[in-house]
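Notes follow once the structure below has been shown.
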Number of protein chains: 2
Amino acid sequence: MTSIKDVANHAKVSIATVSRALNGASNVTEATRKRILAAAKELNYHPNAMARSLVEKKSRIFGYIISGLKKGAKHCIVQDTLVGIYEYASSIGYEILMFAVDSNLQRSKSYVDFANEHALAGVIIQGLRTDDQYYREMIDGRIPCVLIDLPADSSRIGSVSIDNAAAAKEATLHLLAHGHRNIAFMTGVDEASVSTERSLGYLAALQQFGLAIKPEYLLHGNFSEDDAYTAVKDFLPASPEVSAVFCASDLMALGVLRAAKELNIKVPQELAVIGFDDILLAAYADPPLTTVHQDFTDLGFEAARMLYNIIKGQDVPHTRTVPHTFIVRKSG
Amino acid sequence: MTSIKDVANHAKVSIATVSRALNGASNVTEATRKRILAAAKELNYHPNAMARSLVEKKSRIFGYIISGLKKGAKHCIVQDTLVGIYEYASSIGYEILMFAVDSNLQRSKSYVDFANEHALAGVIIQGLRTDDQYYREMIDGRIPCVLIDLPADSSRIGSVSIDNAAAAKEATLHLLAHGHRNIAFMTGVDEASVSTERSLGYLAALQQFGLAIKPEYLLHGNFSEDDAYTAVKDFLPASPEVSAVFCASDLMALGVLRAAKELNIKVPQELAVIGFDDILLAAYADPPLTTVHQDFTDLGFEAARMLYNIIKGQDVPHTRTVPHTFIVRKSG
DNA sequence: ATTGGCCATGGAAACGTTTACATGGTACCT
DNA sequence: AGGTACCATGTAAACGTTTCCATGGCCAAT
């Protein structure tokens with residue numbers, strides 16, 4: 001590999017000058033800069049990222065830390081988010097290093113160590129529960145963080161998400177407007193803030209219509225298709241007055257759809273079902289799912305953009321709400 | 001950050017001994033090793049990846065180079081593959097750095113430069129066409145490569161894929177066994193070896209049944225749902241004798257399904273449709289797609305495993321065929 | 001004409017590792 | 001007892017950058 005030394009020799013200057021010229025420092029004569037640029041190009045020189053990071057004590061790499069990256073996922077959330085992160089990162093010459101935190105994958109090190117070892121410029125965290133073992137240490141550390149779908153409880157870190165409460169309220173209001181009065185809600189997991197936000201939206205809509213809140217209408221699906229299926233399979237026959245189920249995720253809505261089919265309950269005639277996320281399968285479900293669309297690519301892009309702003313010390317808001325869309329299909 | 005120096009001071013030894021102890025060199029007394037390990041743990045020491053890579057001239061990072069990572073993909077191939085790569089990489093303490101090559105994303109540098117700058121231990125390449133601008137340079141370079149779904153034309157590099165020709169033959173034989181004699185084939189793009197392999201399998205099956213090959217039955221879908229839709233929309237009405245279409249990808253099969261629906265052609269009664277890949281949507285299509293299942297997570301895992309073997313100089317075969325499964329659903 | 005200041009460039013340190021080589025002690029062999 | 005060989009440990013160089021500080025030339029001001 002050709003190093004800065006080779007360029008220096010070739011251009012008959014010192015390595016210091018080469019470094020300055022290549023990094024756009026002002027104090028280099030135009031003539032020498034040109035000579036250096038020419039030499040660099042001729043020798044096909046590309047700076048060694050590690051040497052640079054070592055001296056700068058900071059790499060030009062974003063960490064993308066995700067929880068729940070596992071085989072056979074029924075959605076492309078990670079991929080879609082990655083596209084957005086990648087798009088922004090590549091526009092500013094940054095790379096993306098992956099880290100998956102998975103309970104059944106015993107890593108020898110935590111993502112905190114991971115971030116430090118590679119002197120990451122910043123990390124984007126997605127899908128993590130706030131009760132995670134290392135969460136506190138990470139966001140209290142010295143490495144800039146942007147959280148996707150997690151609340152930022154410190155002004156030092158960023159947070160990006162859609163307005164989950166508003167979206168959930170919107171969806172519930174849609175059901176209410178169509179005459180539904182006994183609407184069950186399938187929650188995800190309590191440790192995920194999006195889940196509680198969506199519950200809040202659901203409750204707010206009921207309240208707006210002056211409806212009493214029935215705790216027995218809150219079902220627990222753990223963001224899992226199977227758990228939702230099980231929960232609803234017992235619940236629906238026992239509560240025939242329920243005419244609609246609003247699910248905090250499409251995956252759970254799919255489970256509800258499956259249960260309804262097995263119970264011979266017609267969707268949407270006898271039961272309206274609404275999901276959340278608009279994963280790929282939502283449009284292909286039978287019937288196609290009415291749901292809240294969130295654009296994970298946008299979410300990723302905005303997260304990366306915010307991260308870069310934080311790194312650059314820009315004084316920008318550290319919370320960003322990305323628009324969502326309510327999509328009416330056939331299920332409710 | 002605590003460095004090796006801190007550990008050395010704390011354990012009252014030189015940094016060289018610390019390095020040796022931590023890297024499991026044999027020539028360290030058990031007593032000092034223990035003392036060093038204790039010191040490292042107490043100080044929460046983690047070696048700086050960049051400093052290490054710099055002196056070793058090789059990082060412990062795999063590059064994952066993909067073509068066609070874009071917003072709104074209708075499949076999770078990248079994500080699924082990533083899971084497999086990640087699983088193996090993390091088991092050996094390696095990380096994954098992403099690189100997307102995309103025509104509409106003008107990167108300032110090529111993936112060859114990318115790999116060199118980061119002194120990647122190796123790269124896994126997926127989705128690339130062999131006529132790519134940098135392909136030759138990359139696989140002829142000094143960085144170990146494993147290709148997914150690309151033929152390895154050199155013994156220095158690895159290649160992982162399913163047996164595309166056999167799978168395509170299997171699918172075509174299935175149609176033939178069900179009485180179909182006029183079977184059209186929807187190809188992907190000629191520059192993708194999987195596409196030509198699948199063509200070969202299709203032709204081999206026809207040949208086995210002693211059927212003449214009709215060039216007009218070869219449709220061009222460019223691996224695109226819309227292109228397949230367009231191609232078949234003209235073709236089907238003009239060729240009523242055709243009773244089956246075998247597509248080199250599920251996405252194209254989806255396009256065919258859509259066209260058939262619009263042409264009021266019943267699938268599978270009037271037209272059998274078979275796809276390839278078994279993407280998530282295949283099972284949810286209407287009717288559910290009969291297709292060839294390939295496990296991208298396995299593919300990724302095997303690619304990473306092979307890459308590591310190559311790096312370690314293991315003398316293993318540089319071509320690996322991962323099992324596929326033919327899945328009969330409702331479409332053909 | 002001398003001095004002061006600015007500016008382009010160079011020298012060298014520093015970043016945190018690994019590792020080749022040097023060193024000194026201990027145990028074994030003759 | 002003297003020498004030798006081995007083994008644990010230390011010293012220092014090297015990896016390729018960036019950047020602080022030094023240097024020297026040139027121009028302008030007195």
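Chain identifiers are assigned alphabetically (A, B, ...) following the order of the sequence lines, protein sequences preceding nucleic acid strands; residue numbering begins at 1 within each chain. Quick caveat: nothing in here was measured; it's all calculated off a predicted structure.
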Run the ring pair (Phe, Tyr, Trp, His ring centres under 6.0 Å) test on Y308(B) and Y94(B) for me, step by step, so that the C-alpha distance in whole Å, both residues' side-chain angles and the decisive distance to 0.1 Å come before the verdict. CA-CA 10 Å; Y308(B) 193 59; Y94(B) 276 56; 5.5 Å; yes
Are there more than 12 heavy atoms of other residues, nucleotides or ligands under 6.0 Å from atom NZ of K71(A)? yes
OP1 or OP2 of dT17(D) versus the side-chain N and O atoms of K5(A): is any pair under 4.0 Å? no
Please report, rounded to the nearest Å, how far the P atom of dG16(D) is from the CG atom of D6(A). 9 Å
Once you round it to whole Å, what is the distance between C1' of dG10(D) and CD1 of I4(B)? 13 Å
Under a 3.5 Å threshold, yes or no: a donor from one side chain and an acceptor from the other, between T81(B) and Q126(B)? yes
Are S14(A) and dG10(C) close enough that a side-chain N or O sits under 4.0 Å from OP1 or OP2? yes
To the nearest Å, how far apart are R33(B) CZ and dT9(D) C1'? 13 Å
Whole Å only: how far is the CE atom of M50(B) from the C1' atom of dC15(D)? 13 Å
Base, sugar-phosphate, or nothing: which does T32(B) touch, judged by heavy atoms less than 4.0 Å apart? sugar-phosphate
Of A16(B) and V55(B), the one whose nearest nucleotide on DNA chain D sits closer to the 5' end is A16(B)
To the nearest angstrom, the NE2-P distance between H46(A) and dT17(D) comes to 12 Å
Determine the contact category for S19(A): base if any of its heavy atoms lies under 4.0 Å from a base atom, sugar-phosphate if only primed atoms, P, OP1 or OP2 are that close, otherwise nothing. base
Mapping T29(B) and E56(B) to their closest nucleotides on DNA chain D, which lands nearer the 5' end? T29(B)
I need the CG-P distance between L54(A) and dT18(C), as an integer number of Å. 12 Å
Side-chain donor-acceptor contact under 3.5 Å, Y45(A) with D113(B): no
For atom CZ of R20(A) and atom P of dT19(D), their distance in whole Å: 10 Å
Under 4.0 Å between a side-chain N or O of N27(B) and OP1 or OP2 of dT9(D)? no
Specify the separation, in whole Å, of atom CG of N23(B) and atom P of dA20(C). 13 Å
Less than 4.0 angstrom between a side-chain N/O of K57(B) and OP1 or OP2 of dG16(D), yes or no? yes
Tell me, yes or no, whether the heavy-atom count around R129(B) atom CZ, taken from other residues, nucleotides or ligands under 6.0 Å, exceeds 12. no
